[in-house]
Each structure stands twice: as structure tokens, then as C-alpha cells.
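Before any comments, here is the structure.
All of these numbers come straight from a predicted model, not from anything done at the bench.
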Amino acid sequence: MARLIDSGPGCPTPTPLRAKSAAEARGLAYDDAVKAETDDLYPLVSDFVTPMEWPSIAPLVAEINRLKKAKNAVILAHNYMTPDIFRLVGDFRGDSLQLAREAAEVDADIIVQAGVHFMAETSKILAPEKTVLIPSLEAGCSLAASITGADVRLIKQRYPDYPVVTYVNTTADVKAECHITCTSSNAAQVVEAIAKEWNTDTVILVPDQYLAKNVAAQTDIRIITWPGACEVHELFNADDVHQLREAHPGVVILAHPECPPDVLEAADFAGSTSALANYVKEESPNKVVLLTECSMSDNVAAENPGVNFVRPCNLCPHMKRITLENILDCLTEMKHEVVIEEDVRVRAKAAIDAMLALPKTDKPLAFQTGLKPMEIEVFSAAE
């Protein structure tokens with residue numbers, strides 16, 4: 001039998017000290033003023049943030065929103081941001097194409113990019129007169145890191161007669177070497193437009209080999225690509241799709257076109273993050289799976305409470321570098337400012353402008369699913 005030991009007055013039992021919350025560490029408290037400012041916001045994230053957590057989050061949200069007004073700042077929140085960022089402090093929300101358009105048009109002195117570094121660079125390219133901040137310098141991208149401007153120059157040297165399209169998930173240096181950019185929303189549209197402009201049947205699309213292969217299946221244009229991939233989407237495969245169907249009969253499976261082609265072959269619908277969100281909103285399936293980054297399902301589910309979400313997702317460690325805490329810090333301390341050499345910026349802007357000049361579509365374009373994967377040429381620097 002265990003013994004009960006009475007510590008007695010001469011041997012007090014110490015009370016563990018609770019660590020300060022991120023808000024408290026910054027001198028912020030959940031007081032009556034903060035409660036009044038944020039009470040109407042909590043229902044927007046009640047499925048993601050527990051009532052116990054809210055008092056530690058609300059002061060950060062309130063202070064960020066105050067600073068935005070005081071400094072004429074806006075936050076561009078990508079679809080992969082966690083719901084507290086996406087729904088509570090994001091002023092503009094969407095995929096890369098939507099945020100690029102907003103960066104070019106927004107009336108603000110400061111842009112905070114709640115996304116990864118190449119997105120912040122894109123904002124600076126399109127709005128050089130604005131101060132563009134990225135909350136974490138560690139918010140990179142495996143796809144953007146897979147190719148350099150020097151790589152593109154080598155590609156153009158080997159294939160001088162073909163236009164080079166770069167996925168927007170690249171650095172400013174890469175964009176500056178390419179003829180036009182694209183996003184997953186408009187990749188097929190861009191490939192066909194630039195092929196017509198150059199009067200060619202061959203286009204080079206870098207750096208995502210899976211996006212390129214999926215675009216190639218949608219068009220008659222011959223595509224040459226680069227051996228890059230998104231570390232989140234390349235983990236999905238067709239077996240995942242088949243297992244999901246077995247485990248969840250009747251589930252509708254939506255895939256991002258950065259997934260390997262066999263995933264799109266087995267999926268029910270494919271498209272950019274905006275296209276996936278739009279599908280759920282319009283079709284309202286009973287049960288759905290989004291094969292993309294984790295937070296996407298959280299954000300789409302909040303907008304569609306009548307839809308049941310199965311959530312086998314892959315986490316992007318780079319997107320998750322962005323937090324409420326470092327958004328607040330970057331606004332408070334005006335860090336980390338994105339700077340691009342003017343020559344690089346001007347050339348990169350020409351590639352982005354070429355994309356933005358294409359006709360807008362009524363809604364995000366979808367990829368046809370069920371198509372057999374096709375092999376395309378992948379550039380090798382060793383050749």
C-alpha cells in the first residue's frame with residue numbers, strides 16, 4: 001500500500017510555475033478590451049481553437065489587427081495558413097495567383113506575406129513601392145529551392161527556340177530568366193498561350209515535374225520539364241486514393257496538380273487550391289478528401305460546415321514557420337523586409353505581367369482526371 005506523506009508546514013510542496021504564453025511574453029493580456037474586440041472572431045475558429053486556448057490567442061489577434069490599421073498594412077494569407085492566421089488576421093486569402101493580383105493592386109504601405117518566401121518576393125516584384133515583410137526567413141520552399149537562375153540559363157542555351165514557363169513557386173532570380181510565369185490555376189492556359197505566341201509545339205515548364213506531366217496530359221503541346229517536386233504533394237500516390245475509397249465508401253477525392261500523375265488519374269477532381277475550395281462550395285459533397293497541405297482542409301471545412309472531411313494530409317514545414325507570434329513581431333519590429341535587385345525585379349515582373357495579362361477566367365480552371373500518366377522529357381544538366 002502506498003504511504004501518504006504529509007509535508008507539513010516546514011516542508012511546503014512547491015507550486016509549478018506556468019510558463020508565460022506568447023501573448024504574455026509580449027506584454028499582452030486577455031483583458032476586457034481584447035475580449036470585446038475578439039469575441040465575434042472566436043466562432044470563426046472554434047473548430048480549431050479550444051475555449052481554453054482562446055485567451056492566449058485573442059491578444060495576439062487583437063494586437064495584429066490594431067497594428068495593421070495603425071501602419072496601413074495588409075496581410076496576404078495563403079490557403080495553407082493555419083485557420084487562426086487565415087481567418088482572423090488575413091485581409092486577402094487565396095492561392096498564389098489570387099495573392100499575386102492582390103499584391104499588385106492593394107492600397108497599403110506594408111504587405112505582410114503569410115506564406116513562403118517566393119510569395120513575398122512576388123509581392124515585392126509587383127509592388128516595389130511597398131514595404132514587403134516575411135514573418136520568418138525560414139519559410140522557404142523545396143520546389144523553389146530545386147532550381148536557380150543559372151539552371152534556367154543553361155536550359156535556354158540548350159533549347160534556344162522554345163519559351164520557358166516558370167511555375168510561380170520559384171525565386172525572383174528564376175522568374176527573371178523566364179518568359180512567363182504560371183500558377184496551378186492557369187498552367188495549361190499559359191502553356192497554350194505562349195506556344196501560340198512563339199508559334200511552337202514545344203514549351204519548357206519548370207521546375208515541378210509533376211505539374212508539367214499533368215499539364216502535358218491536358219494539352220497537345222509537347223512539354224520539357226525540370227526534376228523538381230513539392231515535398232508535400234509528391235508523397236501522395238494512387239494507393240492512397242484506392243485505400244481512401246475502401247475505407248470511406250462514396251468519398252469524393254480532390255487532388256492538387258503538384259501530386260504525381262497517377263494520383264490525378266485515380267482522383268475525382270483536380271485543380272489549384274482555389275479550384276478545390278470552389279468545388280467543395282459548389283458541389284457540396286457529403287464526404288470529401290483534399291490531397292494537399294493539411295491546413296487547406298481546415299480552412300475549407302470552416303466555410304462548408306455541412307461537408308464531412310476526411311483528412312489524410314501532409315504538413316508543409318515551411319508554411320508552418322509562419323505563426324501569429326512572428327506576424328506580430330514582424331509588424332512591431334518591421335522585419336524581415338524583402339529586397340530584390342532592381343534589374344532582377346524588372347525582368348521578373350515582365351514574366352509575371354505576361355501571365356497577369358492573360359484573360360481572367362470566371363472560376364479556377366480544373367484539370368481533367370482519369371487520364372493515363374504520360375512520360376515527358378525531363379531536363380538533365382549532365383547531358
Side-chain angles (χ1 to χ4, degrees), residues 78-82 94-100 113-122 136 138-148 151-152 165-171 174-175 178 181-188 190-191 205-218 223 225-238 240-241 253-267 269-277 289-297 299 311-322 364 367 369 373 376 378-379:
H78 190 266
N79 288 326
Y80 294 159
M81 288 292 99
T82 51
D95 62 13
S96 299
L97 179 57
Q98 290 172 307
L99 297 184
Q113 196 78 43
V116 291
H117 196 269
F118 76 79
M119 296 178 184
E121 281 193 331
T122 302
S136 172
E138 295 181 324
C141 171
S142 61
L143 190 54
S146 73
I147 191 168
T148 66
D151 293 326
V152 179
V165 178
T166 180
Y167 194 25
V168 76
N169 300 32
T170 49
T171 63
V174 169
K175 291 180 177 72
C178 296
T181 63
C182 75
T183 71
S184 53
S185 289
N186 62 13
V190 168
V191 163
L205 174 55
V206 299
D208 192 316
Q209 61 180 309
Y210 298 128
L211 177 69
K213 290 175 181 178
N214 289 324
V215 170
Q218 313 288 317
I223 293 178
T225 191
W226 179 261
C230 166
E231 65 185 281
V232 171
H233 293 99
E234 70 176 336
L235 295 178
F236 293 111
N237 57 57
D240 295 329
V241 178
I253 298 177
L254 315 184
H256 193 281
E258 290 176 21
C259 293
D262 63 343
V263 175
L264 268 67
E265 180 188 12
F269 179 87
S272 68
T273 55
S274 288
L276 302 185
V289 171
L290 304 186
L291 297 183
T292 187
E293 209 277 340
C294 292
S295 292
M296 180 74 188
S297 291
N299 293 325
R311 309 192 190 197
C313 61
N314 292 324
L315 181 74
C316 175
H318 310 291
M319 286 285 183
K320 295 312 180 258
R321 296 288 187 182
I322 308 300
F367 280 64
T369 56
I376 63 174
V378 179
F379 184 88

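With hydrogens and angles disregarded, a donor-acceptor distance shorter than 3.5 Å links the side chain of Lys175 to the backbone of Thr170. A donor-acceptor contact shorter than 3.5 Å links the side chain of Thr225 to the backbone of Leu205. Looking only at distances, a side-chain donor or acceptor of Asn214 sits under 3.5 Å from a matching main-chain atom of Pro257.
Residue Tyr167 holds its OH atom at 7.0 Å from OG1 of Thr183, rounded to the nearest 0.5 Å. Note that the CG atom of Leu290 and the CZ atom of Phe269 stand 10.5 Å from one another [nearest 0.5 Å]. Taken from OG1 in Thr122 to NE2 in His117, the straight-line distance is 10.5 Å, to the nearest 0.5 Å. In this structure, CD1 on Ile147 lies 6.5 Å from OG1 on Thr166, to the nearest 0.5 angstrom.
Shortest non-hydrogen contact noted between His318 and Gly140 is CB-O, 3.0 Å. The heavy-atom pair separating Asp208 from Cys230 by the smallest distance is OD2-N, 4.1 Å. In this structure, Val116 and Cys141 approach most closely via the heavy-atom pair CG2-CB, 4.4 Å. Heavy atoms only, all atoms of each residue included: Gly271 and Phe367 are closest at CA-CD1, 4.3 Å. Summarising the geometry of Tyr210 relative to Ala229, their closest heavy-atom pair is CE1-CB, 3.8 Å, with the distance given to 0.1 Å. Heavy-atom minimum distance, Gln113 versus Ala120: CG-N, 3.5 Å.
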Original post:
Are Ser274 and Gln98 close enough, and set up right, to give a side chain to side chain contact (heavy atoms under 4.5 Å, CB included), and what steps lead you there?
Top reply: CA-CA 9 Å; Ser274 288; Gln98 290 172 307; 2.6 Å; yes
**OP:** Report the C-alpha separation of Asp95 and Ser184 in whole Å, then their side-chain angles, then the decisive distance to 0.1 Å, and conclude whether the side chain to side chain contact (heavy atoms under 4.5 Å, CB included) test is met.
**Re:** CA-CA 9 Å; Asp95 62 13; Ser184 53; 5.5 Å; no
Original post:
Are Lys320 and Glu293 close enough, and set up right, to give a side chain to side chain contact (heavy atoms under 4.5 Å, CB included), and what steps lead you there?
Top reply: CA-CA 10 Å; Lys320 295 312 180 258; Glu293 209 277 340; 2.9 Å; yes
Subject >> Evaluation steps, side chain to side chain contact (heavy atoms under 4.5 Å, CB included), between Asp240 and Val263 >> reply: CA-CA 8 Å; Asp240 295 329; Val263 175; over 6 Å; no
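Put simply, the side chain of Val191 does not reach to within 4.5 Å of the side chain of Gln218, judged on heavy atoms. Within the 4.5 Å cutoff, the side chain of Pro373 has no heavy atoms near those of the Lys213 side chain. When side chains are defined from C-beta on, Cys178 counts as touching Val152, because their heavy atoms get closer than 4.5 Å. Side-chain contact check for Pro317 versus Glu231: some heavy-atom pair is nearer than 4.5 Å. Contact of the His233 side chain with the Asn314 side chain is not registered, since no non-hydrogen atoms from C-beta on lie closer than 4.5 Å. Using a 4.5 Å heavy-atom threshold, the side chains of Leu264 and Cys259 count as touching.
A side-chain hydrogen bond (donor to acceptor under 3.5 Å, both in side chains) with Asn79 is found for exactly one of Thr273, Thr292, Asn299, namely Thr273.
Classification of the Tyr80-His78 ring pair by plane angle, with boundaries at 30° and 60°, yields perpendicular.
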